[in-house]
Amino acid sequence: MDSMTHDAERLERMSGMLKRRGIILPAFEIHGGAKGLYDFGPVGGRLRNRVNQTWINHWLALGNIVELSCPTVTPYAVLEASGHVGEFSDFMTVCTACEEASRADTLLEASHPNPDALTQSELQSLLFEINPTCPNCNEQSWSEVSAQNLMFNTTIGAGSSGRPGFLRPETAQGMFTSFSALLRHNRDRLPFGAIQVGKGYRNEISPRQGMIRLREFNMAELEYFINPHEQQLHDFSQWAGIEMRLLPDGQEEVKMSIEDAVSSNTVRHSTVGFFMAQTYDFLVKVGIDPERLRFRQHEADEMAHYAMDCWDAEILGSYGWVECVGIAHRGCYDLEAHEKATGKTLRARREFSEPKVVEIDGWTMNGATAGPAFRALAGAVKKAVEGLDASTSFPTLVTLASGEEVDVSPEHVKRVQRTETISGEWYIPHVVEPAFGIDRIIWHILDHAYDDTGKDGDSYTVLRLNNSIAPVDYCVFPLFEKEGMGEMARTLHRTLCAAPGIVSVYDSSGSIGRRYARADEIGVPHCLTVDHQSIEDGTVTVRNRDTGEQHRVHTDDLL
RNA sequence: GCGGAUAUGGUGUAGUGGUAACAUAGGAGGUUUCCAACCUCUUGUCGCGGGUUCGACUCCCGCUAUCCGCACCA
């Protein structure tokens, strides 16, 4: 219990600091705020950007990954095809007597085996037919059924010509719909992946726990397209020494290397295992404590409808274990869904190891003679003739699909005899998708980096961020702002800021110790102090955030 | 969405039917030869909208937001 209140107090101190120092703060606060919406402030903005960039670089390093940027505004049809319109909807009706809203499918559970599967109009008519009693007031009077979708509605285009659309609930669909361009770019060779970092939107009924459930959130997804007929070989040797915490479905936590997890079929697909290992590397790289990281397998009934295997990376922080990454084997679900909805082909070609030779022997219609002879029936006749056995002799009576019989003469048909060699086939690639919740990851980076246990029981706050994601690289302090020290420090500050990718903050107010403390609080890795000696020999002291140690470096050697 | 609690400077808190205090942080100056020291001056606050009242930050109602349960969601 003590530790609980201790944790809650720490969480409060940390939230206060994040707000005060401009890392994470409630959005639109002067207008009363908005639930589930947060700002990354002047410090947090760059932190988020660096995490995003680290993520992008991490995947581009694989060598067969491209980066995409798709719209957040998405036509209705796309998300209907993907299943989001159905899956993300609840159909609501309101009791006209007491105004209590209820889910229509819940009201009809007693009257239908699977009301969840009904469409809106089916629910509507069944509701009016059954007219169930209101669980709240026992009246039997219901409003029209309306869809309460967890996606944000919008209209694409103005006025009556506008088409319905949504703000995307995930970045993935844009990558699936441009699959053809991706395949062409990769010159028809699999496997390859597409990544995208961007905003996603879910109109959550009840966003909670600060950054953990948001209505607008930063996500980063990789869609990795593979050939299901080919075994995916991955080299796991670089993770040989790492025992990962795994929580397989229905089992106790185990610790094992990713290679063992894959070979024992604990992880059911090698590419899923490969991405679990890559995810582990990424999270550790940005500062997640590996001791507070585990992978949990989805239970069969918990898994999304399309997934074949799914592992969540969960991180332990102030809110307990939180799902921050989902690594799902989605099979061919998505591409197939868009194929069905559009009639377009979203497939890749694979060559058979040995071409298949097919003997074709049969009949086809002679269009020049049969066309004029059968006129409107010609199409049906062709189909029927092509279904005939090679041994058929003409003239003969042919039964069409409609049941009608026609006389077909020898001049109406042609014998087809040839050998076809089929070298390969078109197939729908499978997709393995690691999906990262950037906000949740950033929250846990901050949570794991936040240290406010100073020496001697005094509170002293240090944000122990990794150098690669620290929002500010350097603070530049003149020991005093006189005798040329202020001037030299300002020049150094400007030089640093002008260097690509470097952010420096100049601070001359307060004692030197106070300035170090300010820098530590937002995790600046190095503070540069200009003192009297600097004026003489051009060196400054470089102070390390975590050790407090200092050494002198010439300003020319800083960059 | 339901139930409970809460909302006062940037942050953390006190307080009152007669327009607000403390700490800390911030700014300017001084002092100081490197880890939140000290001195002087200084900036800044009652979530929003109604109602009651001569007067509301305070009482009432509604809304919004936050936190905790439940439900929902992944």
Side-chain angles (χ1 to χ4, degrees), chain A residues 4 8-9 11-22 25-38 41 87-90 92 94 99-103 106 135-136 148-151 169-170 200 202-210 212-215 217 219 296 298-299 302-304 307 310 312 314 319 321-326 328 435 437 440 452 454-455 458-462 475 477-483 485 507-521 527-535 540-545 547-552:
Chain A
M4 285 299 286
E9 283 168 13
L11 180 56
E12 271 178 34
R13 289 195 303 274
M14 184 169 107
S15 301
M17 185 280 282
L18 294 176
K19 196 174 170 188
R20 178 163 36 86
R21 298 306 308 271
L25 40 165
F28 312 119
E29 209 182 8
I30 62 168
H31 285 280
K35 212 172 189 175
L37 301 177
Y38 280 83
E87 288 293 316
F88 272 62
S89 284
D90 286 334
M92 306 295 291
V94 177
E99 301 202 337
E100 173 94 349
S102 296
R103 280 177 57 169
T106 311
N136 189 45
Q148 295 289 306
N149 201 286
L150 292 178
M151 295 189 288
E170 59 177 27
R202 292 183 193 180
N203 209 350
E204 296 282 355
I205 293 169
S206 179
R208 281 285 173 83
Q209 299 177 307
I212 303 302
R213 258 169 72 200
L214 300 172
R215 289 200 164 121
F217 46 95
M219 55 198 324
R296 191 177 68 83
H298 277 211
E299 295 159 29
E302 174 189 31
M303 228 180 294
C310 187
D312 287 343
E314 298 185 327
Y319 295 112
W321 287 101
V322 172
E323 168 201 344
C324 294
V325 184
R440 290 181 176 188
D452 66 354
K455 285 178 234 158
D458 293 336
S459 161
Y460 187 91
T461 302
V462 185
C475 278
F477 306 144
L479 192 54
F480 308 108
E481 223 177 10
K482 57 185 183 187
E483 294 165 33
M485 286 183 277
D507 187 357
S508 65
S509 76
S511 72
I512 194 73
R514 175 176 298 243
R515 284 178 266 167
Y516 285 142
R518 279 196 284 247
D520 288 343
E521 199 173 39
C527 293
L528 310 176
T529 301
V530 173
D531 58 14
H532 293 101
Q533 190 183 330
S534 308
I535 305 297
V540 295
T541 65
V542 179
R543 170 201 180 256
N544 180 290
R545 177 193 66 208
T547 63
E549 282 165 13
Q550 297 186 10
H551 60 280
R552 298 200 74 89

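The sequence lines fix the lettering, A, B, ..., with proteins before strands; numbering per chain opens at 1.
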Suppose we screen for salt bridge (charged side-chain N to carboxylate O under 4.0 Å, His left out). Which residues come up paired with [X], at least two apart in sequence or across chains?
| X | value |
| --- | --- |
| A:Glu29 | A:Lys19 |
| A:Arg202 | none |
| A:Glu323 | none |

Which residues pass the side-chain hydrogen bond (donor to acceptor under 3.5 Å, both in side chains) test with [X], not counting sequence neighbours?
| X | answer |
| --- | --- |
| A:Asp507 | A:Arg518 |
| A:Arg514 | none |
| A:Asp452 | A:Arg13, A:Tyr450 |

**Prompt:** How is the base pairing of RNA chain B summarised as a dot-bracket string, given the Watson-Crick and G-U wobble criteria with both distances under 3.5 Å, [ ] for crossing and | for another strand?
**Reply:** (((((((..((((....[..)))).(((((.......)))))....(((((..]....))))))))))))....

Take the protein atom [atom1] of [X] and the nucleotide atom [atom2] of [N], then report the distance between them rounded to whole Å.
| X | N | atom1 | atom2 | answer |
| --- | --- | --- | --- | --- |
| A:Arg515 | B:A36 | CZ | P | 12 Å |
| A:Arg13 | B:U24 | CZ | P | 18 Å |
| A:Leu25 | B:G47 | CG | C1' | 16 Å |
| A:His31 | B:A65 | NE2 | P | 14 Å |
| A:Glu521 | B:U24 | CD | P | 16 Å |
| A:Asp507 | B:A25 | CG | P | 13 Å |
| A:Arg518 | B:U24 | CZ | C1' | 13 Å |

What protein N or O atoms touch nucleotides 33-35 of chain B N or O atoms at under 3.5 angstrom, if any, and at what distances?
| unit_1 | atom_1 | unit_2 | atom_2 | d |
| --- | --- | --- | --- | --- |
| B:C34 | O2 | A:Tyr516 | OH | 2.1 |
| B:C34 | O2 | A:Gln550 | NE2 | 2.8 |
| B:C34 | N3 | A:Tyr516 | OH | 3.4 |
| B:C34 | N3 | A:Thr541 | OG1 | 3.1 |
| B:C34 | N4 | A:Asp531 | OD2 | 2.9 |
| B:C34 | N4 | A:Thr541 | OG1 | 2.9 |
| B:C35 | O2 | A:Arg543 | NH2 | 3.2 |
| B:C35 | N3 | A:Arg543 | NE | 2.6 |
| B:C35 | N3 | A:Arg543 | NH2 | 3.4 |
| B:C35 | N4 | A:Arg543 | NE | 3.2 |
| B:C35 | N4 | A:Gly548 | O | 2.7 |
| B:C35 | N4 | A:Gln550 | NE2 | 3.2 |

**Item:** Closest-nucleotide 5' rank along RNA chain B - winner of A:Ser509 and A:Lys482
**Value:** A:Ser509

**Message:** Ignoring hydrogens, what is the shortest heavy-atom contact between A:Gly210 and A:Tyr38? Give both atom names and the distance.
**Reply:**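 Here A:Gly210 and A:Tyr38 meet closest at CA-OH, 3.4 Å.
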
**Message:** If you compare all heavy atoms of A:Leu479 against all heavy atoms of A:Met485, which two are closest, and at what distance to 0.1 Å?
**Reply:** CB-SD, 4.1 Å

**Complete:** Out of B:U32, B:C73, B:G26, minimum distance to the side chain of A:Leu150 belongs to B:C73

Enumerate all atom pairs, one protein N or O and one N or O from nucleotides 9-15 of chain B, separated by less than 3.5 Å.
| unit_1 | atom_1 | unit_2 | atom_2 | d |
| --- | --- | --- | --- | --- |
| B:U11 | OP1 | A:Lys19 | NZ | 3.0 |

Can you check the distance between [N] and [M], where both ends of the measurement are the [atom1] atom (answer in whole Å)?
| N | M | atom1 | result |
| --- | --- | --- | --- |
| B:A37 | B:U24 | P | 10 Å |
| B:U8 | B:C48 | P | 11 Å |
| B:U42 | B:G55 | P | 35 Å |
| B:A23 | B:G30 | P | 25 Å |

**Verdict with supporting geometry, A:Ser534 and A:Arg552, side-chain contact (heavy atoms from CB on, under 4.5 Å)** = CA-CA 9 Å; A:Ser534 308; A:Arg552 298 200 74 89; 3.6 Å; yes

**Asked** Are A:Asp520 and A:Arg543 close enough, and set up right, to give a side-chain contact (heavy atoms from CB on, under 4.5 Å), and what steps lead you there?
**Response** CA-CA 11 Å; A:Asp520 288 343; A:Arg543 170 201 180 256; 2.9 Å; yes

Could you list all N or O pairs between the protein and nucleotides 66-70 of chain B that sit under 3.5 Å apart?
| unit_1 | atom_1 | unit_2 | atom_2 | d |
| --- | --- | --- | --- | --- |
| B:C67 | OP1 | A:Gly210 | N | 3.4 |
| B:G69 | O6 | A:Arg208 | NH2 | 2.9 |
| B:C70 | N4 | A:Arg208 | NH2 | 3.3 |

**Message:** Using the side-chain contact (heavy atoms from CB on, under 4.5 Å) criterion, which residues pair with A:His31? Sequence neighbours excluded.
**Reply:**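 For A:His31, no residue satisfies side-chain contact (heavy atoms from CB on, under 4.5 Å) once neighbours in sequence are set aside.
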
**Item:** Which residues share a side-chain contact (heavy atoms from CB on, under 4.5 Å) with A:Arg20, sequence neighbours left out
**Value:**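 A:Arg20 satisfies side-chain contact (heavy atoms from CB on, under 4.5 Å) with A:Met17, A:Glu521 once adjacent residues are dropped.
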
**Message:** In the structure I gave you, are the side-chain heavy atoms of A:Ser509 and A:Glu481 within less than 4.5 Å of one another anywhere?
**Reply:** no

**Complete:** Interatomic distance, CG@A:Leu214 vs CD@A:Gln209, rounded to 0.5 Å, equals 11.0 Å

